Amino acid sequence: MDLIKLADRLYPDITTFPEDMEKRYPKRNLPADAKVTRFAPSPTGFVHFGSLLPTRVSERLAHQSGGVMFLRIEDTDSKRYVEGAVENMIKTYDYYNIKFDEGATIDGDVGDYGPYRQSERKEIYQTYAKQLIREGKAYPCFCTAEELDEMRAQQEALDEDPGYYGKWAKWRDASDEDIEAALDGGIPFALRFRSEGNPSRKINFTDLVKGEVTVSENFIDHVILKSDGIPTYHFAHAVDDQLMGTTHVVRGEEWLPSLPFHIQLFKALGFRLPKYLHISQLMKLEDGNKKKLSKRDNEAAVSYFTEKGYSSEAVVEYIMTLLNSNYEEWRAANPDKPYTEFPFNVKKMSPSGCLFDEDKLNDVSRNTVSRMTADKVYNDVTEWAEHFDPELYSYLTADREKAIRIFSIGRGGKKPRKDITIWGDVKDYVSLFYDSLFKVIDQWPEEFSKSDIKAALESFIESYNPADDQSAWFDKIKVTAAELGFAPEMKQYKSEPEKYKGSVADISMFIRIAVTGRINSPDLYEIMSIIGAERVKARISAAVDSL
RNA sequence: GGCCCGUUGGUCAAGCGGUUAAGACACGGCCCUUUCACGGCUGUAACAGCGGUUCGAUUCCGCUACGGGUCACCA
């Protein structure tokens, strides 16, 4: 059959040509070195932690160069579609400060290169597919799923390469009569690419992350349009990234094996090939082996981190350190600059896969939180608690000033305290400041007599004056120590420990236990001034009574 | 199994022919210190193996081993 006729017979509704599409989507008007990147997820609703890496790379590449990053929804597989997934994804990425300039949004598409949902681009794909048929570069295949399964089984039995190619490609060179008959019989067909590739020929290709990659030409006649007329990923990738003007394709390394086919497709369509960045997968250690972070692992979902209360800033910091190892060094030199000022460099990306390290994340998170202002901590914790810890939320919102004073302890200055790693730590941290969360402990150090402890507490409470400044306050504790036969100065105690029952440190400990219910706490003086004299007295006398 | 990618301490990683092989996390010790935390100092610990090329290989090449990815009308 004449190829033009075949094209018309296969896709009679398509009256447009590739030129029409090129006109519909003119070249972007951007500075010469501006990069156009994209994120193209399928809307399953699940946001994988690992996806924060390629999206961050795309985001940095685009925004660092004055370019554009857009969101395209790859909803070509209707079986995968989950209601509300797109909205959820947009919100999640937004939380981690990945904002799309263009593409699918909650309120619909924004931008001149849409539609940005592949399910709405059928006419566009078929226009190009039809042209390929006219040029003899694509042909219909009427095989059923069962036939294809059988073919694979035979290939396996014969130990031959699996796939639809050469002598196995039943419809590649089918006669006109056979095609007519199948069409007349209404048999559904998929459109396959006619590959002229030779596996013994090698292509050298430069990936911006992996470097020089040598691959064999593709020789499989892959499906480009499924029998429902919807494209496969490969075809959609070529058409969309051409029309949308993508300059840099950032994707997981699992796409590397299909690269030869993509190169072939771009060439057949007359498209210019974008630059590629195939980035390694995030792994986890399991039974001594590196394993891909799979959906079953709870750390795989970003929601896991949100629920535990990792601040979005901390996660961004961690992702940046994974992406560019010199980021940490830069951060140490520039503790207060936004990460967007870091000169992100593709060349610093590692070609090998790395392990997700929770210890490292925690360390980064602690440091990130320690750099925040008390106001910022208050706002973020409150927002988190509203969703994940209503009780904490009620305490924080009942007295905002108090909460901010608590978060101010040891904050600011060169050596901030690092008590909080995740928002999930906060409740325990603040519990001693709220009577209903406060837990009295009955564990006094055994090396001291209860009467000494009692005497120390009584003496302290008698001399306690909330108006004292910190040194006056501590001097009184020293006096108490001396009166009870404890060394008022640590140095004295250390040089002649046998002369004393203990030291001022021990006296402080008694007071700390009585006031905070813990052996360790932030600065006692500040704690007392926050909870107030009344509460200090009440807690100490309760402790005295219990002794 | 075929094809592709990868391999420096427990982890993340500098290095890009000549280094006492950085640094960070984790772990241990010491110091500072009213506790804790912070901070400072310090310690343990690595070029997967074997062959080449070279005056000289962690660095270049090959093989092996191990790890990962991929072989759909899924993305």
Side-chain angles (χ1 to χ4, degrees), chain A residues 40-44 74-77 79-80 118 141 143-145 148-149 152 156 159-164 188-192 199 207 209-211 213-216 220 222-234 236-237 251-260 278 280-281 283 285 289-292 318 321-322 324-329 331-332 348 350-364 366 370 409-410 413-419 474 477-478 481 488-490 503-513 516 518-525:
Chain A
S42 65
T44 60
E74 308 237 333
D75 53 355
T76 54
D77 184 6
K79 288 189 286 289
R80 282 193 170 203
Q118 291 181 335
C141 165
C143 286
T144 61
L148 295 173
D149 286 344
R152 265 187 291 273
E156 201 176 322
D159 205 25
E160 292 193 26
D161 290 326
Y164 199 91
F189 66 90
L191 197 68
R192 285 184 184 271
D207 181 275
V209 175
K210 296 281 181 186
V213 177
T214 308
V215 286
S216 300
I220 308 279
H222 289 292
V223 169
I224 57 176
L225 285 186
K226 297 182 263 187
S227 52
D228 57 3
I230 297 284
T232 54
Y233 168 84
H234 314 288
H237 157 48
R251 50 159 53 157
E253 65 179 344
E254 69 270 22
W255 290 108
L256 210 45
S258 47
L259 189 65
H278 286 97
S280 309
Q281 306 253 310
M283 319 282 241
L285 200 60
N289 286 334
K290 278 188 179 182
K291 287 269 181 287
K292 189 169 153 182
Y318 178 62
T321 65
L322 284 182
N324 267 194
S325 64
N326 55 325
Y327 181 77
E328 278 190 272
E329 203 177 304
R331 171 54 75 206
K348 297 294 280 183
S350 170
S352 59
C354 61
L355 237 36
F356 169 75
D357 185 350
E358 194 162 355
D359 280 338
K360 185 71 181 182
L361 203 214
N362 286 338
D363 179 67
V364 170
R366 245 194 315 278
S370 78
I409 298 174
K414 273 219 141 315
K415 298 174 183 177
R417 291 188 65 89
K418 298 179 182 176
D419 299 294
F474 193 55
I477 296 178
K478 287 180 179 175
E489 299 292 343
M490 281 307 286
S503 72
V504 67
D506 299 309
I507 302 295
S508 299
M509 178 63 75
F510 305 154
I511 301 168
R512 169 171 289 106
I513 291 174
T516 69
R518 314 175 179 189
I519 301 195
N520 315 321
S521 77
D523 188 81
L524 238 195
Y525 177 79

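Since the model is a prediction, treat every value here as computed from it, not as a measurement. Here is the naming used below: chain letters follow the sequence lines, and residue numbers restart at 1 for every chain.
- Summarising the base pairing, B:G1 is matched to B:C71 through a Watson-Crick or G-U wobble pair whose two defining distances lie under 3.5 Å.
- Among the heavy atoms of the strands lying under 4.0 Å from A:Arg366 are primed sugar atoms or P, OP1, OP2 only; no base atom is included.
- As rounded to whole Å, 11 Å separates atom C1' of B:C4 from atom NE2 of A:His278.
- In this entry B:U44 has no Watson-Crick or G-U wobble partner, no candidate having both defining distances under 3.5 Å.
- Atom P of nucleotide B:C4 and atom CG of A:Leu259 are separated by 13 Å, given to the nearest angstrom.
- In the set B:C12, B:U34, B:G68, the nucleotide with an atom closest to the side chain of A:Leu355 is B:C12.
- When the P atom is compared between B:U44 and B:G62, the two are found 37 Å apart, to the nearest whole Å.
- In this structure, the nucleotide among B:A37, B:U34, B:U35 sitting nearest to the side chain of A:Met490 is B:U34.
- A:Ala190 comes within 4.0 angstrom of a nucleotide base, judged by non-hydrogen atoms across all strands.
- Rounded to whole Å, the P atom of B:A21 lies 14 Å from the corresponding atom of B:A45.
- Across the protein-nucleic acid pair, A:Ile220 atom CD1 and B:C73 atom C1' stand 15 Å apart, rounded to whole Å.
- Following rounding to the nearest Å, A:Leu148 (CG) and B:A72 (P) show an atom-to-atom distance of 10 Å.
- Rounded to whole Å, the C1' atom of B:G56 lies 7 Å from the corresponding atom of B:G18.
- Counted within 6.0 Å of CD on A:Glu329, heavy atoms from surrounding residues, nucleotides or ligands total 12 or fewer; the atom is thus considered open.
- Residue-level contact check: A:Pro416 touches the backbone only, with heavy atoms under 4.0 Å from sugar-phosphate atoms and none from bases.
- Using the Watson-Crick or G-U wobble rule with both distances under 3.5 Å, B:U35 pairs with nothing in any strand shown.
- Nucleotide B:C50 has B:G62 as its partner under the Watson-Crick or G-U criteria, with both atom distances under 3.5 Å.
- Across all strands, A:Ser352 comes closer than 4.0 Å only to sugar-phosphate atoms, never to a base (heavy-atom distances).
- Below 30°, between 30° and 60°, or above 60°: for A:Trp255 and A:Tyr233 the angle between ring planes is below 30°, a parallel geometry.
- Comparing B:C63 with B:A26, their C1' atoms sit 36 Å apart, to the nearest whole Å.
- In this structure, A:Ile224 atom CD1 and B:C73 atom P are separated by 13 Å, rounded to whole Å.
- In this structure, CG of A:Asp359 is placed 7 Å from C1' of B:C25, rounded to the nearest angstrom.
- Nucleotide B:G23: paired with B:C12 (Watson-Crick or G-U wobble, both distances less than 3.5 Å).
- Only the C1' atoms considered, B:C5 is 35 Å distant from B:U20, to the nearest whole Å.
- Taking atom C1' on both B:C47 and B:U59, the two are 10 Å apart, rounded to the nearest angstrom.
- Atoms CD1 (A:Ile513) and P (B:C36) sit 12 Å apart, rounded to a whole Å.
- Not one N or O on the side chain of A:Thr321 forms a donor-acceptor pair closer than 3.5 Å with the backbone of A:Tyr327.
- Pair check for B:G56 finds none; no Watson-Crick or G-U wobble contact set falls under 3.5 Å.
- Nucleic acid contact for A:Ser350: sugar-phosphate only, since backbone atoms but no base atoms lie under 4.0 Å from a heavy atom of the residue.
- Stacking of A:Phe474 onto the six-membered ring of B:U34 is present: less than 5.5 angstrom between centres, less than 30° between planes.
- Side-chain proximity of A:Glu74 to B:U34, B:A75, B:C4: nearest is B:A75.
- Nucleotide B:C36 holds its C1' atom 11 Å from the CG atom of A:Asp523, rounded to whole Å.
- Using a 4.0 Å heavy-atom distance criterion, A:Ser503 is classed as making no nucleic acid contact.
- Looking at which nucleotide of RNA chain B each of A:Pro188 and A:Leu524 is closest to, the 5′-most match is held by A:Leu524.
- B:C25 and B:G9 are spaced 12 Å apart, taking the C1' atom of each and rounding to whole Å.
- A:Ser227 comes within 4.0 angstrom of a base, heavy atoms only.
- Judged by distance alone with a 3.5 Å cut-off, no donor-acceptor contact links the side chain of A:Arg518 to the base of B:C36.
- One P atom belongs to B:A48, the other to B:A14, and the distance between them is 14 Å to the nearest Å.
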